[in-house]
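Below is one structure, written out as structure tokens; the observations come after it.
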Amino acid sequence: MAHICLLLSGAALLLNGLAALDLLPRRDAAVFSLVIGVTQVVLGVTYLGITGDGGLHLLLGASGMFLFGLTYVYVGLDFLLGLGSRGLGWFCGMVGLCGLLLAAAWSGEDPLLAVLWLCWTYLWLLFYLQLALGMKRLAPLIGWSLILTSQLSATVPAFLGITGRWPNGPEAATTAAGAASALAVLLLLAGCLAWRGRQTAARAAVVSSDVPDRLLPGELKL
């Protein structure tokens, strides 16, 4: 069930990234996030009920499912109810700190999952900076980061788990290193695209301000 939640997260991250760049109506992304979040919370409760006393691994896996699910529920309700987003920002900051703890917890046994948690933590902290601290200029960076990392950090690992190909043993460290490098490149690319977008918008604003007002019909320019 954890891998199914991860698969759903890949879609939710992608749609929210498109919405952050105004390439998709925010209401569409909000409704989808709410549906995905409720589904993940239900799956998390079911996972705990079916698995029973699975020890530390069960609790760590369920924790991730609930953190993702509650985040998506909050994102959806925040927009649909017009809550103002500041509370969501502080919640994302708290979840980001939890993500660091989960990355540390998985680092010894599952280095790939630890790398993924570091990536997701970075995304949550970006939302914290934008929504809780008011750094609105981060919106393009958040959008591109969500879009570019959504598939590699969620969809691809989900399919690895669903098909029984999650790396174990000696290959786990190599796969984790490769994933970390690829995600770092994608996040760097997201930063470049966000910077380029801001520069393009700034130049367009300058050009627009330099264009003289058009003359009205019949008006002579002296």
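A quick note: this is a predicted structure, and the numbers were derived from the prediction, not measured.
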Inset, instruction - Using modelled atom types only, decide if a donor and an acceptor are shared between the side chain of Asp78 and the backbone of Ser85 within a distance under 3.5 Å. - result: yes
Legend entry - Under 3.5 Å: donor-acceptor pair, side chain of Gln40, backbone of Cys5: yes
If you define the side chain from C-beta out and look only at heavy atoms, does anything of [X] sit under 4.5 Å from [Y]?
{"X": "Phe66", "Y": "Leu48", "result": "yes"}
{"X": "Thr71", "Y": "Trp120", "result": "no"}
{"X": "Leu67", "Y": "Trp117", "result": "yes"}
{"X": "Ser33", "Y": "Leu15", "result": "no"}
{"X": "Leu118", "Y": "Leu100", "result": "yes"}
{"X": "Cys92", "Y": "Leu125", "result": "no"}
{"X": "Val38", "Y": "Tyr72", "result": "no"}
{"X": "Asp110", "Y": "Asn168", "result": "no"}

Inset, instruction - Kindly work out whether a path of hydrophobic side-chain contacts (I/L/V/M/F/W/Y, heavy atoms less than 4.5 Å apart) joins Leu112 to Phe159. - result: no
Inset, instruction - State plainly whether one hydrophobic cluster holds both Leu24 and Ile36, where clusters connect Ile, Leu, Val, Met, Phe, Trp and Tyr through side-chain heavy atoms under 4.5 angstrom apart. - result: yes
Inset, instruction - Give, for atom CG of Leu187 and atom CG of Leu148, the distance between the pair rounded to the nearest 0.5 Å. - result: 8.0 Å
Legend entry - Residues in side chain to side chain donor-acceptor pair (under 3.5 Å) contact with Thr155, at least two apart in sequence or another chain: Gln151
Legend entry - side-chain hydrogen bond (donor to acceptor under 3.5 Å, both in side chains) contacts in which one or both residues fall within residues 137-149, not counting sequence neighbours: none
Legend entry - Trp124 ring center near Phe68 ring center (under 6.0 Å): yes
Inset, instruction - Check whether more than 12 heavy atoms from other residues, nucleotides or ligands sit under 6.0 Å from atom CZ of Arg198, and answer yes or no. - result: yes
Inset, instruction - For residues Ile162 and His3, report the shortest heavy-atom separation together with the two atoms involved. - result: CG1-CB, 3.7 Å
